[in-house]
Protein chains: 2
Amino acid sequence: MTRACQAKISDIATQISCLQCSINTICFPSGLDLDIRDELYNILNHPPPLERGDLLFRTGATMKGIYAVRSGAIKTYITDENGQEQVTGYYLPGELLGLGAIHNGRHFQNAEALESSYLCMIPVNDINRLSKSHPQIQEQLIHLLSKQLQNHHKMVWHLGLKNATSRVAALLLNCSERCHARGFSASEIKLNLSRQDIASHLGLAVETVSRIFGQLKKENVITFKGRQIDILDFDTLNQHVGTKMATTEKIPRI
Amino acid sequence: MTRACQAKISDIATQISCLQCSINTICFPSGLDLDIRDELYNILNHPPPLERGDLLFRTGATMKGIYAVRSGAIKTYITDENGQEQVTGYYLPGELLGLGAIHNGRHFQNAEALESSYLCMIPVNDINRLSKSHPQIQEQLIHLLSKQLQNHHKMVWHLGLKNATSRVAALLLNCSERCHARGFSASEIKLNLSRQDIASHLGLAVETVSRIFGQLKKENVITFKGRQIDILDFDTLNQHVGTKMATTEKIPRI
DNA sequence: AAATATTTTTGATAAATATCATGTTGTCGC
DNA sequence: GCGACAACATGATATTTATCAAAAATATTT
């Protein structure tokens, strides 16, 4: 039995360690002297744990620093003038949040906890200060930004797929891939977005998402109980997306 | 009469200058000494001009450097296993291309010229070399990456809109905004994607895109002749998107 | 300029998805 | 455990969008 993708804050076993965290190349770059690593560890900030529904930041807020999800899950969303939410992303343990705000110091989206979540934060001032003396930190930041940009290219691809089933399949595979990259199971995933969140993210009606989940279950492509999803047939999901998903990990062929 | 957004390579008047180019903070950071600026200017590479249909790079190709569109227009796309193209982005004069490849050195998408295009390229090796002595270059790169990430957040938002007209409206406003940010007209834009490209980008059928363009024309929201589009009624387009578009330029309110 | 190919538009119909209504399941607080 | 509430599922119908077919407009070549 492999571990589930998400974790309650109390469930220490599924909390990601710094070693598996995508920010660790910033927190603990391997080539750095030990005293610097200590200093980095010291500036690492731990905001109070979030409960489901708590906001980490909101649109327009001043950026305090870069966040990394340590346990739990975060969604980002835009609110339109009628108060309607549109989910623009979700973040799993080990993933970074708020990088888009570096260039102007303000957040573009709202970020909200989907469950009890525990985060790390590197204050932006400290990054800037330490970067002066340690250019390697900036190198790592560039690396992380570039990786996140590529993830977003993938998201743009998935959201441009022409039918609802493809988009749902792409979301499931994307979640699976990201869980797997963090050392969790690729097949047993907890996607803690509500059906409404998924619908809003993919530009669909809730009922459509619900029906597609039901259909995929009937065809034995997935099983699920609530938000805990088991992927049974990766091939079929990949066929829906239309391509073997090029993972960030695997280097694509020419 | 304001200038059109795009330019033929021969049309020197509409070529963007380094001053308006988003890469210029890398090429010519204002705080740098003159000798460094000279050095940066020297490493700036000018690949051969591209004609319509020419590929700048393809999926899986080794990244040579960061590209900036100087004139013309570039689209990026994924090709699925059936050879079907899906457009994932388009790039206007002054915009950067290929930043997502920094972290693994390989391009994730194909990039193809939509018309005769002229580009600048900063070889990745030279950036790395110069960064060692001039940390300011890395700072600028972080800034540019973050900005592009925020643009992609916006794109994810737009592609998640629930109906076809909204997505087309968002595309038009996005193009307008980007043209305007480069000193071109916000209302008279040349969107040199074919209707098929637009459809593929937005997850629609060509015919649907064509009908929506026709409908918007009938309602006097836009006029167009081929790919030259004039926006007459920004308010209506914004209503379709559901929000006054938060531009990258304007700082959003809390 | 004529001929050819490509892109765009338009119409008729089929298919997919949204909406509305309602029932079911699950969750949270007590 | 029970009641109240939210999330999820399902059916019937309306609307939107895709598909197929073909014409019109535009671009490209000769």
Side-chain angles (χ1 to χ4, degrees), chain A residues 6 8 10 51-54 73 75 82 84-87 112-116 159-169 171 190-219 222-229 240 242, chain B residues 6 8 51-54 75 82 84-87 112-116 159-169 171 190-219 222-229 240 242:
Chain A
Q6 306 284 316
K8 288 261 169 65
S10 57
E51 292 304 318
R52 190 156 86 84
D54 288 349
K75 72 172 172 182
N82 308 318
Q84 280 292 329
E85 281 185 18
Q86 185 177 327
V87 173
E112 183 183 317
L114 290 164
E115 56 186 288
S116 303
L159 290 173
L161 289 168
K162 280 189 184 45
N163 62 69
T165 308
S166 306
R167 294 208 285 280
V168 171
L171 182 75
K190 181 165 174 205
L191 182 57
N192 211 349
L193 295 165
S194 69
R195 300 284 187 269
Q196 179 56 64
D197 286 337
I198 294 172
S200 132
H201 184 48
L202 302 179
L204 301 170
V206 210
E207 296 93 333
T208 305
V209 172
S210 188
R211 277 186 251 266
I212 287 169
F213 269 69
Q215 184 66 22
L216 290 173
K217 184 187 253 179
K218 215 172 73 182
E219 294 166 353
I222 61 172
T223 60
F224 61 90
K225 189 162 163 48
R227 298 174 188 183
Q228 178 69 41
I229 302 164
H240 278 296
Chain B
Q6 305 286 315
K8 287 261 170 65
E51 292 304 318
R52 189 156 85 84
D54 288 349
K75 72 171 172 181
N82 308 317
Q84 281 291 329
E85 281 185 19
Q86 186 177 327
V87 173
E112 182 183 317
L114 290 165
E115 57 186 286
S116 303
L159 289 172
L161 290 168
K162 279 191 184 44
N163 62 68
T165 307
S166 304
R167 293 208 286 278
V168 171
L171 182 75
K190 182 166 174 203
L191 182 56
N192 212 349
L193 295 165
S194 68
R195 299 285 186 267
Q196 179 57 64
D197 285 336
I198 295 171
S200 132
H201 184 48
L202 302 179
L204 302 170
V206 209
E207 296 93 332
T208 305
V209 172
S210 187
R211 277 185 253 266
I212 288 169
F213 269 69
Q215 184 67 21
L216 290 173
K217 185 186 252 179
K218 214 172 76 182
E219 294 166 353
I222 62 172
T223 62
F224 60 90
K225 189 162 163 48
R227 298 173 188 184
Q228 178 69 41
I229 302 163
H240 278 294

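Note on naming: letters A, B, ... go to the chains in the order of the sequence lines (proteins, then strands), and numbering restarts at 1 for each one.
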Ile229(B) atom CD1 is separated from dT8(C) atom C1', nearest whole Å, by 13 Å
Nearest-nucleotide check on DNA chain D, Thr208(B) vs Leu193(A); residue mapping nearer the 5' end is Leu193(A)
Using atom types as modelled and distance alone, determine if a side-chain donor or acceptor of Arg167(A) lies under 3.5 Å from a backbone N or O of Leu161(A). yes
Do Leu191(A) and Leu171(A) have side-chain heavy atoms sitting under 4.5 Å apart? yes
Taken to the nearest whole Å, CD/Gln215(A) to C1'/dT17(C) is 14 Å
Taking CZ from Phe224(A) and P from dA7(D), how many angstroms apart are they, rounded to a whole number? 17 Å
Residue from Asp197(A), Leu114(A), Ile198(A), Asn192(A) passing side chain to side chain contact (heavy atoms under 4.5 Å, CB included) with Arg227(A): Asn192(A)
Kindly point out which of dT17(D), dT28(D), dA18(D) is positioned nearest to the side chain of Ala164(B)? dT17(D)
Lys75(B) side-chain N/O to Leu193(B) backbone N/O, donor-acceptor pair under 3.5 Å: no
Expressed as a whole number of angstroms, how long is the span from Ile198(A):CD1 to dA9(D):P? 10 Å
What contact category does Arg52(B) fall into here, base, sugar-phosphate, or nothing, at under 4.0 angstrom with non-hydrogen atoms? sugar-phosphate
From dT8(C), dT19(D), dA18(C), pick the nucleotide closest to the side chain of Leu204(A)? dA18(C)
Rounded off to whole Å, could you give me the CD1-to-P distance for the Ile212(A) and dC8(D) pair? 15 Å
By nearest atom, which of the nucleotides dT26(D), dT19(C), dC8(D) is closest to the Ser210(A) side chain? dC8(D)
How many whole angstroms separate atom CD of Glu115(A) from atom C1' of dA7(D)? 16 Å
Using atom CD of Gln228(A) as one end and atom C1' of dG26(C) as the other, report the distance to the nearest whole Å. 15 Å
Quick check on DNA chain C: between Arg211(A) and Phe213(B), whose nearest nucleotide comes earlier from the 5' end? Phe213(B)
Establish whether the base of dC8(D) is bridged to the side chain of Gln196(A) by a donor-acceptor pair shorter than 3.5 Å. no
Residue Arg227(A), side-chain atoms from C-beta onward, closest of dA7(D), dT19(D), dC20(C): dA7(D)
Heavy-atom distance under 4.5 Å between the side chains of Ile229(B) and Phe213(B), does that happen here? yes
Distance check needed: dC8(D) C1' versus Leu191(A) CG, whole Å only. 15 Å
Is there a donor N/O on one and an acceptor N/O on the other, under 3.5 Å, for the side chain of Arg195(A) and the base of dT25(C)? no
Would the base of dC20(D) count as contacting Glu207(B) through its side chain, where contact means a donor and an acceptor less than 3.5 Å apart? yes
Of Lys225(A) and Val206(A), whose closest DNA chain C nucleotide lies nearer the 5' terminus? Val206(A)
